[in-house]
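Data block below; observations after.
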Amino acid sequence: MEFIAIMKQKIKDLILNASLDAYKKGDLPSSEFPDIEVEVPRIESHGDFSTNIAMVSASVQKMSPKKIAEFVIKHINDSDGIVAKAEIAGPGFINIFVNNLSWHTVLRRIHEEDAGYGASDVGRGRKIQVEFVSSNPTGPLHVGHGRGAAVGDAVANILLFCGYDVQKEYYINDSGRQIRTLGLSVFLRYRESFGEDIQFSDDCYQGDYIRDLSIQIKEHKGNDLLGQDEEEAILYCARFAAEKIIAGIREDLKFFGVEFDNWFSEQSLYDSGKVDKVLNGFRSQDIIYEKDGAHWFKTTDFGDEKDRVVVRNNGQTTYFASDIAYHKDKFERGFERVIDIWGADHHGYIPRIKASIEAAGYSKDRFSVILIQLVNLLRGGEPVAMSTRSGQFVTLKDVIDEVGADAARFIFLTRHHESPLDFDLETAKKKTNDNPVFYVQYVHARISSIVRKGREAGIEKIEWDDRAMDMLKEPEEINLIKTMTAYPETVKCSAESMEPHRVTFYLMNLASSFHAYYNKHRVLTDDPVLTAGRLYLIIAVKKIIRNGLALLGVSAPEKM
RNA sequence: GCGCCCGUAGCUUAGCUGGAUAGAGCGCCGGACUUCGAAUCCGUAGGUCGCAGGUUCGAAUCCUGCCGGGCGUACCA
């Protein structure tokens, strides 16, 4: 159990025993106490922990909260000696201040648990899948995909750290109309390269990469495709292009530090017959009907606002049809929970997927979607033009090349995923306070530097020492330790809410506490005992910074 | 029209799922390097948490209704 949870429990016991004692001694009229809470107050002067017992039991005890608090405090029996001070404040809170010694023990834990500090088993080994990016293989990744990649990867890392059995999956939409359009676009460029004058319709992809692909095909095939049946040629181009583009996407993601456990092909759902199987199953359940020549899935039976087409009147299945099979397949693969990460513009799609999951016999509560809002790419405050139509967009690769993967990933995680994000290329490159990634990484580099200096001065072993710990009593030191005790809880919260930005903010906060401490006190002093204590302290900080950055997929440099 | 998300300091935002005096950063102004990395720190100013009700000991947080913004509302993916 984590330190904070243990302390809360200890204090809760202390308080409940005191209240009971107060009743036995006749100070309080009732032995009944509602559920009380012990929490860490936001404001330092409100103590290390506080409880609301006096307020919540006012009506039962028929006494003012302040009076109750007085009696409770009077009867506290602190045999372990953890309480330094207990006082009544505000409307009746009991604020408890804890001895420094209690805080020092946390440092030992951090050193011992090391890379595992903050880990938990709340996931209890349950299988969970996080599917993200899943960009269509019709073009390179852009910044928006980068945000999804950063969030998805961080969520997966955090879940893993919290004891889930996590799989990261990328769904490849290698079937359907867009792929044909891709093939057509490449094929037209191919023909153009033989001198033909081609009119490109609006729905064709027109980026430079399309021309590159057509050139590659020409190198492989010469003019072979010109003589072939047109549909066959387009299909060939589509397959060739999709494969190349996927390879490029995979490479870009690797460059960004994101690797998937599984790449899942949409086409494979057709090849294995899973799409037909699911649809036939639904037909036998009578939740698919025909109207206007198309086949409709009665999603309204499951809470959707209107029914949805799964087979068009031309006989072709819709994207939704394979998606039904896909989500069913996820559960069949044994995942207890399934997380999809989508762009926020797809939110209207959620009810029908939930409907299909329910219809397939699984609870929709096992499925959740994380929606990612838009990224506005800026340069020095001015919007960067991002037109997919003309193909003039800035790719994720471009952005990483310019600002680095660390800065990009960190900035993507500095905001709640459901609020739009301004990504400014100029600030991402700055090496100042404007740019939070450097602010946090700087702590790691700075501590590394101090430790190196210490080593040069002959300090090799840094370990727990009672005398050294007694020296850690500056307010900034205690504050730093308190911040570190909050790390496990932060990670757990971040996992439960699937909000990685909580870790980001935590790290910025810890960095701030460290920088403040550093500027006020020297670590390497003339007093070897004090120095030992302080080194022990800051190395703990270093470990948490490293651990936290690792969850976010950002490096922790020894030097910068 | 209906559905989802969002309105917090000049700007960008946090707020631990109901707690006390709403925290930061940027920007402005003023300070701190002969000692461990100034890529840092310290200080001042700046708020009716969109508006109006409701729930209770207690609301930025939960409920209702407005106002303002974004997105969605395909036999596209």
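Order of the sequence lines fixes the chain letters, A, B, ..., with proteins taken first and strands second; residue numbering starts at 1 for each chain. This is a predicted model, so every value here is computed, not measured.
Residue-level contact check: A:K306 touches the backbone only, with heavy atoms under 4.0 Å from sugar-phosphate atoms and none from bases.
Taking the side-chain hydrogen bond (donor to acceptor under 3.5 Å, both in side chains) definition, one finds that A:T299 meets it with A:D304, sequence neighbours left out. Not counting sequence neighbours, the partners of A:K291 by the side-chain contact (heavy atoms from CB on, under 4.5 Å) test are A:Y289, A:W296. When the side-chain hydrogen bond (donor to acceptor under 3.5 Å, both in side chains) test is applied to A:S134, the partners found at least two apart in sequence or on another chain are A:E131. Looking at residues two or more places apart in sequence or on another chain, you find a side-chain hydrogen bond (donor to acceptor under 3.5 Å, both in side chains) between A:K492 and A:E2. By the side-chain hydrogen bond (donor to acceptor under 3.5 Å, both in side chains) test, A:E39 pairs with no residue at all, sequence neighbours left out.
Listed by residue number, A:R177, A:Q178 are the residues of residues 171-179 of chain A with a heavy-atom contact under 4.0 Å to RNA chain B.
Stems are defined here as 3 or more consecutive Watson-Crick or G-U wobble pairs with pairing distances under 3.5 Å; those involving RNA chain B are B:1-7 with B:67-73, B:10-13 with B:23-26, B:29-32 with B:40-43, B:50-54 with B:62-66.
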Every protein N/O within reach of nucleotides 3-6 of chain B N/O, cut-off under 3.5 Å:
{"unit_1": "B:rG3", "atom_1": "N2", "unit_2": "A:H347", "atom_2": "NE2", "d": "2.6"}
{"unit_1": "B:rC5", "atom_1": "O3'", "unit_2": "A:E418", "atom_2": "OE1", "d": "3.3"}

Restricting to nitrogen or oxygen on both sides, can you table the protein-nucleotides 54-63 of chain B pairs closer than 3.5 Å?
none

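A side-chain hydrogen bond (donor to acceptor under 3.5 Å, both in side chains) check over residues 344-358 of chain A, counting only residues at least two apart or in different chains, returns the pairs A:D323-A:Y349. Counting only residues at least two apart or in different chains, ring-ring contact (aromatic ring centres under 6.0 Å, His included) contacts with residues 432-460 of chain A comprise A:Y439-A:H515, A:Y442-A:H515.
Ion pairing of A:E37 with A:K8 is absent here, as no side-chain N (NZ or NE/NH1/NH2) approaches a carboxylate O to less than 4.0 Å.
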Which donor-acceptor pairs under 3.5 Å do the side chains of residues 412-421 of chain A make with protein atoms, sequence neighbours left out?
{"unit_1": "A:T414", "atom_1": "OG1", "unit_2": "A:I411", "atom_2": "O", "d": "2.6"}
{"unit_1": "A:H417", "atom_1": "ND1", "unit_2": "A:L371", "atom_2": "O", "d": "3.2"}
{"unit_1": "A:S419", "atom_1": "OG", "unit_2": "A:H416", "atom_2": "O", "d": "3.2"}

